[in-house]
Amino acid sequence: MGRLKIFVSAYACEPGLGSEIGVGWHWVLEMSKYFDLWVLTRESNRHSIEPWIAAHPEYSHIRFLYYDWPKWARFWKKGLRGVRTYYNLWQMCTNRIVKRTMRQNDIRIFHHLTYGNVLWKVSSYGQKQFFVWGPVGGLESITEEYSRHYDKKSRMIEKVRRVVTSMAVWNRGFRKRCKQADLILCKTEITRDLISQRQADKAILFTDVAADISCVSGWDKKMKQDVTEFITVGHLDAWRGFDLIIEALPKVISKNSKIHLTIVGSGPDKVRLERLVKKYALEAFVTLAGKVSMNIYKDLMKNADVVVNAALKEGAVTVSFDSMAMGKPLICLDTTGYTRYFTNDYAILIPRKGRSEVIQRLEEAMLRMTQPEERNKLGRKAQEVSEKFSWENHGMEIKDAIMKAYTSYLTK
């Protein structure tokens, strides 16, 4: 069997960025080592993709296609505002591009890659081909025990999400996509377990992120310093658990005041977090850095001692794998998704149980990481295993999963 042709729908795909956009980019680069790719993404990504490809001709065989509504027709979409509506419209509008391109180039495999929410639309033509779906998630929810501490809007969002996710098994679109998919890559066990038993054999656990070790030097023990620097990164949504870290800090400081926390990111929960910092008189111990450039993010990560990810569901995983690559110990909540790749040998995994218990466990973990010997031991081990979970190795896993499913499909 020669190199397979694959059409990839990657709404979010751009070089030099993190989060979902960076995930889409890394997947495309790794897949291109094994497959001939036609990649459909947003027109707004062209300005960074084409110069990057020109500077890296070894990837010039990837065929990029672009589509967006004209600016005047999408004036209502600003950043993440309106993203779900626009994304679903984009999927409907690009279906003709998918159909035409796959037919003209005799492409038999369609891969729906980024923004993998199981309840969001997929190309109607693409999912009728050999259909690779994911990695997907979106069926995880936050219990009222946590959400009652959120602001009014975030409480309502989580209430609606709980209802929607509880009814997902009856969602017509979800059931249809599960039926038509030939390979379902599930981010979490929660998603996999909600797929019907009739389609369960097509679903496998598969994270969407890996460790980027390409620009990281060997592990280097940080010079001893008085203040232990903690960093947490992500869009400031209530479910990401930044409030849990802040509420753990007063007890940590009462036992060791030589710590500092930097919160990187912007979003709707910023005002509530600022109130919490003021409530607990933590202004001298917490910095809300806002949204920063990739270069500043890397500098902040380099200068940090410990990375904390208190997201209550699959989220902010890029920084978690960056912590591994950069030799930083990770404190995180065990959300059953990406945390499968972390062990207590190089991270501290906290079960997602009661809110008070989680805050207490965060306090204990942060206090433990103020000990230089402990964090250096975990940091060294983290970077040692990062190669095992690198993008290069993840690319081979992606290739193997697709080839195995497609070979099985051909022999039916």
Check: R162 main-chain N/O paired with T165 side-chain donor or acceptor under 3.5 Å: yes
Closest approach of G24 to L113 (non-hydrogen atoms, all atoms of both residues): O-CD2, 3.9 Å
H47/Y66 aromatic ring centres below 6.0 Å: no
Heavy-atom neighbours of K5 NZ exceed 12 at 6.0 Å: yes
Enclosure of K33 NZ (heavy-atom neighbours >12, cutoff 6.0 Å): yes
Atom pair CD/NZ of Q199 and K179 - distance to nearest 0.5 Å: 8.0 Å
Approximate separation, where rounding is to 0.5 Å, of L139 CG and N117 CG: 7.0 Å
Atom CE of M167 with >12 non-hydrogen neighbours under 6.0 angstrom: no
Test item: side-chain donor near acceptor, D305 and T228, under 3.5 Å: no
Considering all heavy atoms, the nearest F206-H394 contact: CE2-CE1, 3.5 Å
From C178 atom SG to F131 atom CZ, the distance as rounded to the nearest 0.5 Å: 9.0 Å
Minimum-distance pair of heavy atoms, taken over all atoms of I6 and F35: CD1-CG, 3.5 Å
Mutual orientation of the aromatic rings belonging to W120 and Y87 [parallel < 30°, tilted 30-60°, perpendicular > 60°]: tilted
Separation between CH2 of W239 and CD1 of I142, rounded to the nearest 0.5 Å: 7.5 Å
Spatial distance of atom CG (L249) from atom CD1 (I259) [nearest 0.5 Å]: 5.0 Å
Lys/Arg N to Asp/Glu carboxylate O, E50 vs R46, below 4.0 Å: yes
More than 12 heavy atoms from other groups under 6.0 Å of CD on E397: yes
Over 12 foreign heavy atoms within 6.0 Å of CD, E392: no
Crowding at NZ, K399 (>12 non-hydrogen neighbours, <6.0 Å): yes
F321/F342 aromatic ring centres below 6.0 Å: yes
Verdict with reasoning, E145 to R355, per salt bridge (Lys or Arg N to Asp or Glu O under 4.0 Å): CA-CA 7 Å; E145 179 182 5; R355 189 174 189 274; over 6 Å; no
D322 and Y297: side chain donor to acceptor below 3.5 Å: yes
Check: Y86/D68 side-chain N/O donor and acceptor closer than 3.5 Å: yes
Expected output: side-chain R375 to main-chain T370 donor-acceptor under 3.5 Å: yes
Geometric class of the H112/F110 ring pair [parallel <30°, tilted 30-60°, perpendicular >60°]: tilted
Partner set under ring-ring contact (aromatic ring centres under 6.0 Å, His included) for F174, not counting sequence neighbours: none
Sidechain-backbone polar pair: T114 side chain, A12 backbone, donor-acceptor under 3.5 Å: yes
Within 6.0 Å of NZ in K99, more than 12 heavy atoms from elsewhere: no
Side chains of T335 and E140, donor plus acceptor under 3.5 Å: no
Lys/Arg-Asp/Glu bridge criterion (N-O < 4.0 Å) met for E189, R340: no
Nearest heavy-atom neighbours spanning Y346 and L378: CB-O, 3.5 Å
Least distance between heavy atoms, L300 atom then V264 atom: CD1-CG2, 3.8 Å
Distance in Å, R272 CZ paired with R275 CZ, rounded so as to fall on 0.5 Å steps: 9.0 Å
